[in-house]
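First comes the structure, then the notes that go with it.
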Amino acid sequence: TAGKIIKIKPLEKQTILGMQFGESAEIELNELGVFKKIDHIPGQEIQGICFPEGSEVNFTDNGKLKEVRLGQDSDIQGFKFKKESLMQFYESGKIKQGILAENKEIDGMKLSKDQTIYFDEAANIKLIDGSNVELTKPLKLQDVILPKESFIDTDGDGDIVKTVLGNDT
(Lines give C-alpha, C1' and ligand atoms only; values in the text may rest on other atoms or scores of the structure.)
Protein backbone atom coordinates (compact mmCIF):
# COMPACT_ATOMS: atom_id res chain seq x y z
CA THR A 1 0.00 0.00 0.00
CA ALA A 2 1.11 3.59 -0.66
CA GLY A 3 2.90 5.24 2.22
CA LYS A 4 3.78 1.96 3.97
CA ILE A 5 6.99 2.08 6.02
CA ILE A 6 9.15 -1.01 6.57
CA LYS A 7 11.05 -0.97 9.90
CA ILE A 8 14.20 -3.04 10.37
CA LYS A 9 16.17 -3.64 13.59
CA PRO A 10 19.28 -5.81 12.93
CA LEU A 11 19.97 -8.51 15.54
CA GLU A 12 23.63 -8.60 14.54
CA LYS A 13 25.96 -6.85 12.10
CA GLN A 14 24.22 -6.83 8.75
CA THR A 15 24.50 -5.20 5.31
CA ILE A 16 21.30 -3.59 4.05
CA LEU A 17 21.17 -1.87 0.65
CA GLY A 18 24.97 -1.78 0.57
CA MET A 19 25.43 -0.22 4.02
CA GLN A 20 26.78 -1.98 7.11
CA PHE A 21 24.68 -1.75 10.29
CA GLY A 22 25.09 -2.93 13.86
CA GLU A 23 22.59 -4.01 16.50
CA SER A 24 21.89 -0.46 17.70
CA ALA A 25 20.67 0.72 14.27
CA GLU A 26 16.99 1.33 13.58
CA ILE A 27 16.17 1.52 9.88
CA GLU A 28 13.06 2.59 7.99
CA LEU A 29 12.52 1.96 4.27
CA ASN A 30 9.71 3.58 2.29
CA GLU A 31 7.31 1.68 0.03
CA LEU A 32 9.84 1.93 -2.82
CA GLY A 33 12.47 0.11 -0.74
CA VAL A 34 14.77 3.12 -0.28
CA PHE A 35 16.03 4.50 3.02
CA LYS A 36 13.62 6.86 4.77
CA LYS A 37 15.33 7.08 8.18
CA ILE A 38 18.31 5.55 9.98
CA ASP A 39 18.78 5.96 13.75
CA HIS A 40 22.09 5.21 15.47
CA ILE A 41 24.25 4.71 12.41
CA PRO A 42 27.54 2.96 13.22
CA GLY A 43 29.68 5.70 11.63
CA GLN A 44 28.96 5.64 7.93
CA GLU A 45 29.60 7.37 4.64
CA ILE A 46 26.31 8.33 3.06
CA GLN A 47 26.25 9.96 -0.38
CA GLY A 48 29.92 10.91 -0.03
CA ILE A 49 29.68 12.41 3.47
CA CYS A 50 31.06 10.66 6.57
CA PHE A 51 28.65 10.85 9.50
CA PRO A 52 29.71 9.90 13.03
CA GLU A 53 28.45 6.99 15.07
CA GLY A 54 25.08 7.59 16.72
CA SER A 55 23.77 10.05 14.14
CA GLU A 56 20.15 10.00 12.96
CA VAL A 57 19.74 10.37 9.18
CA ASN A 58 16.55 11.25 7.28
CA PHE A 59 16.08 10.92 3.53
CA THR A 60 13.76 12.39 0.90
CA ASP A 61 11.13 10.13 -0.69
CA ASN A 62 13.56 9.35 -3.52
CA GLY A 63 16.33 8.31 -1.10
CA LYS A 64 18.46 11.48 -1.16
CA LEU A 65 20.03 12.83 2.01
CA LYS A 66 17.64 15.33 3.65
CA GLU A 67 18.75 16.00 7.24
CA VAL A 68 21.00 14.60 9.95
CA ARG A 69 21.07 14.95 13.74
CA LEU A 70 24.75 14.49 14.51
CA GLY A 71 25.92 11.93 17.08
CA GLN A 72 29.20 13.84 17.63
CA ASP A 73 30.82 17.13 16.59
CA SER A 74 31.71 16.51 12.95
CA ASP A 75 33.88 17.97 10.18
CA ILE A 76 31.69 18.13 7.09
CA GLN A 77 32.49 20.02 3.89
CA GLY A 78 35.09 22.25 5.60
CA PHE A 79 33.10 23.18 8.72
CA LYS A 80 32.87 21.60 12.17
CA PHE A 81 29.21 21.15 13.08
CA LYS A 82 27.79 20.67 16.57
CA LYS A 83 26.79 17.36 18.17
CA GLU A 84 23.01 16.88 18.47
CA SER A 85 22.38 19.74 16.01
CA LEU A 86 20.12 19.24 13.01
CA MET A 87 21.81 19.71 9.65
CA GLN A 88 19.84 20.04 6.43
CA PHE A 89 21.04 19.20 2.92
CA TYR A 90 20.12 20.02 -0.66
CA GLU A 91 19.40 17.01 -2.90
CA SER A 92 22.87 17.54 -4.39
CA GLY A 93 24.35 16.58 -1.00
CA LYS A 94 25.59 20.12 -0.28
CA ILE A 95 24.89 21.57 3.16
CA LYS A 96 21.78 23.75 3.41
CA GLN A 97 22.19 24.67 7.08
CA GLY A 98 24.10 23.66 10.19
CA ILE A 99 25.18 24.90 13.65
CA LEU A 100 28.89 25.54 14.15
CA ALA A 101 30.76 23.59 16.85
CA GLU A 102 33.69 26.05 16.94
CA ASN A 103 34.70 29.57 15.98
CA LYS A 104 35.77 29.92 12.34
CA GLU A 105 36.81 32.70 9.99
CA ILE A 106 35.73 32.27 6.38
CA ASP A 107 35.19 34.62 3.47
CA GLY A 108 36.02 37.62 5.66
CA MET A 109 33.52 36.74 8.42
CA LYS A 110 34.42 35.81 11.98
CA LEU A 111 31.79 33.19 12.82
CA SER A 112 31.12 32.02 16.36
CA LYS A 113 30.40 28.65 17.89
CA ASP A 114 26.63 27.95 18.06
CA GLN A 115 25.75 30.18 15.10
CA THR A 116 23.44 28.68 12.49
CA ILE A 117 24.89 29.06 9.01
CA TYR A 118 22.70 28.85 5.89
CA PHE A 119 24.25 28.00 2.51
CA ASP A 120 23.04 28.37 -1.06
CA GLU A 121 23.19 25.41 -3.46
CA ALA A 122 26.66 26.48 -4.64
CA ALA A 123 27.91 26.04 -1.01
CA ASN A 124 28.32 29.79 -0.42
CA ILE A 125 27.23 31.26 2.92
CA LYS A 126 23.82 32.83 2.36
CA LEU A 127 22.65 33.81 5.86
CA ILE A 128 23.97 33.77 9.42
CA ASP A 129 21.68 33.42 12.41
CA GLY A 130 22.86 34.35 15.87
CA SER A 131 25.06 36.94 17.50
CA ASN A 132 27.19 39.59 15.83
CA VAL A 133 29.45 38.66 12.95
CA GLU A 134 32.61 40.73 12.53
CA LEU A 135 33.83 41.29 8.97
CA THR A 136 37.54 41.19 8.21
CA LYS A 137 37.03 42.24 4.57
CA PRO A 138 34.17 43.76 2.55
CA LEU A 139 31.25 41.40 2.04
CA LYS A 140 28.12 41.30 -0.12
CA LEU A 141 25.24 39.75 1.83
CA GLN A 142 21.59 39.93 0.80
CA ASP A 143 22.50 42.39 -2.00
CA VAL A 144 24.15 44.81 0.45
CA ILE A 145 27.89 45.47 0.34
CA LEU A 146 29.24 45.87 3.88
CA PRO A 147 32.72 47.31 4.46
CA LYS A 148 35.54 45.60 6.35
CA GLU A 149 35.33 45.85 10.17
CA SER A 150 31.52 45.99 10.04
CA PHE A 151 29.35 43.99 12.42
CA ILE A 152 26.04 42.43 11.44
CA ASP A 153 23.30 41.01 13.62
CA THR A 154 20.53 38.78 12.26
CA ASP A 155 17.19 37.54 13.54
CA GLY A 156 15.94 33.95 13.76
CA ASP A 157 15.19 33.93 10.02
CA GLY A 158 18.70 35.08 9.09
CA ASP A 159 17.52 38.56 8.07
CA ILE A 160 19.85 41.44 8.91
CA VAL A 161 18.33 43.46 11.76
CA LYS A 162 21.30 45.65 12.69
CA THR A 163 24.60 46.67 11.13
CA VAL A 164 27.45 48.71 12.49
CA LEU A 165 29.47 49.83 9.51
CA GLY A 166 33.24 49.71 9.70
CA ASN A 167 35.56 52.57 8.82
CA ASP A 168 36.86 50.85 5.68
CA THR A 169 34.45 52.36 3.11
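For reference, positions follow the sequence shown, starting with 1.
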task: Quick one: closest heavy-atom pair of F51 and I76, and the distance?
output: CE2-CD1, 3.9 Å
query: Heavy-atom distance under 4.5 Å between the side chains of F59 and I46, does that happen here?
result: yes
- prompt: What is the minimum heavy-atom distance between N30 and I6, and which atoms define it?
  reply: O-CD1, 4.3 Å
- line: Which of H40, K37, E26 passes side chain to side chain contact (heavy atoms under 4.5 Å, CB included) with E56? Answer is K37
task: Compare all side-chain heavy atoms of I8 with those of L29 and state whether any distance is below 4.5 angstrom.
output: yes
Contact summary for V68 and S55, nearest pair of heavy atoms: CG1-CB, 4.1 Å
query: About how many Å separate NZ of K9 and CD of E28, when rounded to the nearest 0.5 Å?
result: 12.5 Å
query: Does the side chain of Q97 reach to within under 4.5 Å of the side chain of T116, using non-hydrogen atoms?
result: yes
message: Looking at F119, I'd like to know if the NZ or CZ of K94 sits under 6.0 Å from its six-membered ring centre while staying within 45 degrees of the ring's axis.
response: no
- line: All heavy atoms of I16 vs all of F21, minimum pair found to be O-CE1, 3.8 Å
task: Hey, could you give me the CD1/CZ distance between I117 and F81, rounded to the nearest 0.5 Å?
output: 7.5 Å
- request: State which residue, out of K82, M87, E84, fulfils the side chain to side chain contact (heavy atoms under 4.5 Å, CB included) condition with I99.
  value: K82
- request: Kindly work out whether a path of hydrophobic side-chain contacts (I/L/V/M/F/W/Y, heavy atoms less than 4.5 Å apart) joins I49 to I95.
  value: yes
- prompt: Would you say the side-chain atoms of S85 pair up with the backbone N or O of K83, donor to acceptor, closer than 3.5 Å?
  reply: no
message: If you apply the rule side-chain contact (heavy atoms from CB on, under 4.5 Å), what do you find for K7 with I27, and how did you get there?
response: CA-CA 6 Å; K7 294 186 178 191; I27 304 155; over 6 Å; no
query: CZ of F89 to CD of E121: how many Å apart, nearest 0.5 Å?
result: 13.5 Å
- prompt: Measuring from K80:NZ to L70:CG, what's the distance to the nearest 0.5 Å?
  reply: 11.5 Å
query: If you take all heavy atoms of P10 and Q14, which pair is closest and at what distance?
result: CB-OE1, 3.7 Å
query: Would you say I41 and M19 are hydrophobically clustered, going by side-chain heavy atoms of ILVMFWY under 4.5 Å?
result: yes
- line: For L111 and L100 the tightest heavy-atom approach is CB-CD1, 3.6 Å
Side-chain donor or acceptor of K104 paired with backbone N/O of G78 under 3.5 Å: yes
message: Just so I know, are the side chains of F35 and V57 near enough to count as touching, which here means a heavy-atom distance under 4.5 Å?
response: no
More than 12 heavy atoms from other groups under 6.0 Å of CD on E45: yes
task: Inspect the surroundings of NZ in K13 and state if more than 12 heavy atoms from other residues, nucleotides or ligands are less than 6.0 Å away.
output: no
query: If you look only at pairs with a residue in residues 59-77, which of them pass as a salt bridge (Lys or Arg N to Asp or Glu O under 4.0 Å), with sequence neighbours excluded?
result: none
- prompt: Counting N and O atoms only, with roles assigned by atom type, does the side chain of Q77 sit under 3.5 Å from a partner on the main chain of G93, one being a donor and the other an acceptor?
  reply: yes
